[in-house]
2 protein chains.
Amino acid sequence: MVTIADVARAAGVSISTVSYVMSGKRTISQETRDRVAEAIADLEYSPHASARSLASRSTNVIGLQAPLRAGVDVHVVMQIVAGIVTEARSLQYDILLLTSDDASGLSHAARASMVDALLVMDVESDDPRIKTLEGLDVPSVLIGLPAGADGLVCVDFDFEAAGRLAAHRLAELGHRRVALFGAPAEVLERHTSYADRLVRGFLSACDELALVGSVHACPTGAESTQVVDAVLAAEPSLSGILIHNEGALPHIAAHLASSAHELGVIALCPAEIAQTVSGLADSIAIPAEGIGAAAADALRGLLAGEQREKVVLLPPVLASAGA
Amino acid sequence: MVTIADVARAAGVSISTVSYVMSGKRTISQETRDRVAEAIADLEYSPHASARSLASRSTNVIGLQAPLRAGVDVHVVMQIVAGIVTEARSLQYDILLLTSDDASGLSHAARASMVDALLVMDVESDDPRIKTLEGLDVPSVLIGLPAGADGLVCVDFDFEAAGRLAAHRLAELGHRRVALFGAPAEVLERHTSYADRLVRGFLSACDELALVGSVHACPTGAESTQVVDAVLAAEPSLSGILIHNEGALPHIAAHLASSAHELGVIALCPAEIAQTVSGLADSIAIPAEGIGAAAADALRGLLAGEQREKVVLLPPVLASAGA
DNA sequence: ATGAAAGCGCTAACAG
DNA sequence: CTGTTAGCGCTTTCAT
């Protein structure tokens with residue numbers, strides 16, 4: 001392997017000069033800088049990451065805990081990760097995908113100095129990882145907005161506002177009886193932060209608007225249409241619905257299109273998903289990639305020691321459906 | 001931070017003893033081992049990953065290049081990654097998600113000694129990363145089966161056999177004119193390894209069976225039904241199809257269910273996806289998580305210096321559709 | 001503007 | 001069975 005000593009020798013300078021050329025932390029004569037740069041290029045030198053982080057006490061790596069389990073909307077997760085990765089690359093950070101998804105995985109990564117910061121996805125309303133994170137000496141950002149994370153930076157889409165927005169829009173379209181078809185039961189039962197907040201926003205707005213609103217867990221896939229049919233059977237005057245479930249959306253949309261019911265449908269999902277479905281009244285886009293980018297940027301801010309707001313919520317925007 | 005010296009002091013032994021207790025590379029008396037273990041637990045010691053890898057010349061990290069771009073089947077990608085992560089955890093490896101998706105990202109990770117091995121997904125039939133990988137001194141595994149990767153270990157689902165299997169099954173069901181509705185055009189145009197192989201297997205089997213077979217790129221979403229309609233219009237006697245496109249599958253299935261055409265449909269997708277769709281004749285499961293696990297295991301084999309076959313292809317299995 | 005050298009925390013000889 | 005110590009490759013004081 002090529003070491004900094006090889007580069008120094010090739011360039012006819014000392015080791016520290018090579019180091020300073022790379023870091024820019026010292027003024028170096030143009031001539032020397034060129035010779036070093038040339039040697040680096042010639043030898044295809046890349047500094048040994050571990051040696052560097054041992055000496056500098058920083059890794060340029062962000063630890064990421066991402067949900068790979070079932071029930072989550074995979075497009076959303078992938079896009080958030082893509083956003084994180086893209087932003088991280090521009091900041092010269094790499095992403096360590098933690099292979100353990102509990103609190104101990106986080107503290108291990110931190111104590112072993114594997115990461116400069118931690119990014120935690122799929123946060124539950126009352127998440128045990130929160131107190132662990134608060135006790136660590138590496139900065140962290142949550143994607144989600146759990147209860148009692150006062151000390152931590154949280155970034156997410158504003159699902160509560162999205163729920164309210166959807167209810168308002170349904171009311172505006174003249175619907176009086178409305179329903180939210182949401183995440184699969186396992187996600188709701190875990191009290192995943194975003195699902196809880198969406199429900200809260202939707203129902204509270206229904207209350208204020210004197211709408212009759214209900215919430216239904218919704219399985220992924222064709223089964224979802226049975227849930228919809230059951231709800232419609234029980235409440236025939238239901239006329240407007242909000243769907244927050246990627247996997248169910250196309251099935252429900254197709255089902256309603258070929259059925260007698262005239263339902264106003266709002267979809268809450270990434271814009272690209274909404275585009276692939278026809279028959280929607282409106283949609284509210286989940287800016288998934290933006291969430292990831294915002295989270296990575298918040299982390300950059302923390303790492304740079306900036307003073308930041310603790311909570312960043314991306315606002316929902318109503319879009320008329322393409323069809 | 002807690003260092004090995006702290007542990008040694010607390011346990012009343014030398015630092016090398018602590019090191020050997022952790023690695024098990026030396027026989028240590030039970031008593032000493034217990035004292036050290038206790039000190040480690042008390043102090044919540046985790047060895048500094050960089051210091052360890054600098055000294056030991058290994059990182060216990062696998063570098064992963066995963067496709068986060070559009071067009072790929074996100075479920076498949078997520079499940080493959082989940083398989084990799086799960087297997088990696090059991091092997092005590094972490095996953096570094098490389099934020100650059102080109103050849104230079106691979107050689108950088110290798111030269112900087114950031115990883116012990118590389119795992120590359122979304123391989124194209126003639127992929128520029130192949131010769132880069134061959135020149136590196138870290139072992140690597142490709143997920144895919146490109147042309148001319150003679151020196152490299154490749155793991156994948158046997159898409160060619162799957163294409164043949166589907167054609168045989170369609171023939172068996174009595175269809176004479178068949179079509180493959182495959183990945184989006186951008187994926188086919190990139191000559192992604194799996195898409196190429198599926199086409200090859202499907203068409204060659206059609207040939208042998210004297211079926212009239214055709215292949216059609218297929219957009220994701222409701223638009224896909226237009227492609228199907230267009231093909232059916234041009235070839236009304238088409239009676240059997242193979243769908244290899246997660247994002248199009250539910251739309252096409254729903255569309256055909258409410259249309260006059262009586263088509264035999266085989267889906268090629270993860271089993272969980274097939275389950276969510278009704279109206280399928282049969283399905284062939286893509287064992288996505290298994291691919292990831294097999295790839296990680298192949299890497300483990302390489303790292304352990306085992307003699308291994310260069311190509312591992314998971315065989316396709318026909319499943320009657322749940323509905 | 002440049003060098004020399006002292007660590008960073010650990011592993012693995014080498015020495016009992 | 002255990003301890004001492006020389007590196008691993010780099011960053012960063014001190015020097016000059």
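Just so you know, these numbers use all the heavy atoms, side chains as well, and skip hydrogens, waters and symmetry mates. If you're wondering where the values come from, they're calculated on a predicted model, not measured in any experiment. Sequence lines set the chain letters: A, B, ... in the order given, protein chains first and strands last, and positions in each chain run from 1.
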Grab the [atom1]-[atom2] distance between [X] and [N] for me, whole Å please.
| X | N | atom1 | atom2 | answer |
| --- | --- | --- | --- | --- |
| A/I15 | D/dT12 | CD1 | C1' | 13 Å |
| A/M1 | D/dG9 | CE | C1' | 8 Å |
| B/R9 | C/dG9 | CZ | P | 12 Å |
| A/K25 | D/dT13 | NZ | P | 9 Å |
| B/R52 | C/dC8 | CZ | P | 19 Å |
| B/R111 | D/dG9 | CZ | C1' | 16 Å |

Exercise. Are A/R129 and A/E124 ion-paired here, with the side-chain N under 4.0 Å from a carboxylate O?
Worked result: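 Between A/E124 and A/R129 there is no salt bridge, as every charged N stays at least 4.0 Å from the carboxylate O atoms.
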Short side-chain N/O contact to [N] OP1/OP2 from [X], under 4.0 Å:
| X | N | result |
| --- | --- | --- |
| B/S56 | C/dC10 | no |
| B/S50 | C/dC10 | no |
| A/T3 | D/dG9 | no |
| A/Y20 | C/dA4 | no |
| B/S29 | D/dT2 | yes |
| B/T32 | D/dT2 | yes |
| A/S19 | D/dT11 | yes |
| A/R57 | C/dG9 | yes |

- prompt: With a 4.0 Å cut-off on heavy atoms, is A/S16 in touch with a base, just the backbone sugar-phosphate, or nothing at all?
  reply: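 Base: the residue A/S16, judged by heavy atoms under 4.0 Å, touches a nucleobase.
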Candidates [options] - which lies nearest the side chain of [X]:
| X | options | value |
| --- | --- | --- |
| B/H48 | C/dC10, D/dT4, C/dA1 | C/dC10 |
| A/L54 | D/dG9, C/dC10, C/dA4 | D/dG9 |
| A/I4 | D/dT4, C/dG9, D/dC10 | D/dC10 |

Practice task
Of all the heavy-atom pairs spanning B/R308 and B/A298, show the shortest one and how long it is.
Solution key: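 That closest heavy-atom pairing would be NH1-CA, 3.6 Å.
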Fill in: Side-chain donor/acceptor of B/S113 to backbone N/O of A/H48, under 3.5 Å
no
- Classify the ring geometry between B/H75 and A/H75 as parallel (under 30°), tilted (30 to 60°) or perpendicular (over 60°).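 Judged by the thresholds at 30° and 60°, the geometry between B/H75 and A/H75 is perpendicular.
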Comparing nearest nucleotides in DNA chain D, the 5'-proximal residue of the pair B/A51, A/M22 is B/A51
Given side chains that start at C-beta, do those of A/V76 and A/I291 come closer than 4.5 Å, heavy atoms only? no
*Of A/G12 and B/S23, whose nearest nucleotide on DNA chain C comes first from the 5' end?*
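So the residue in question is A/G12.
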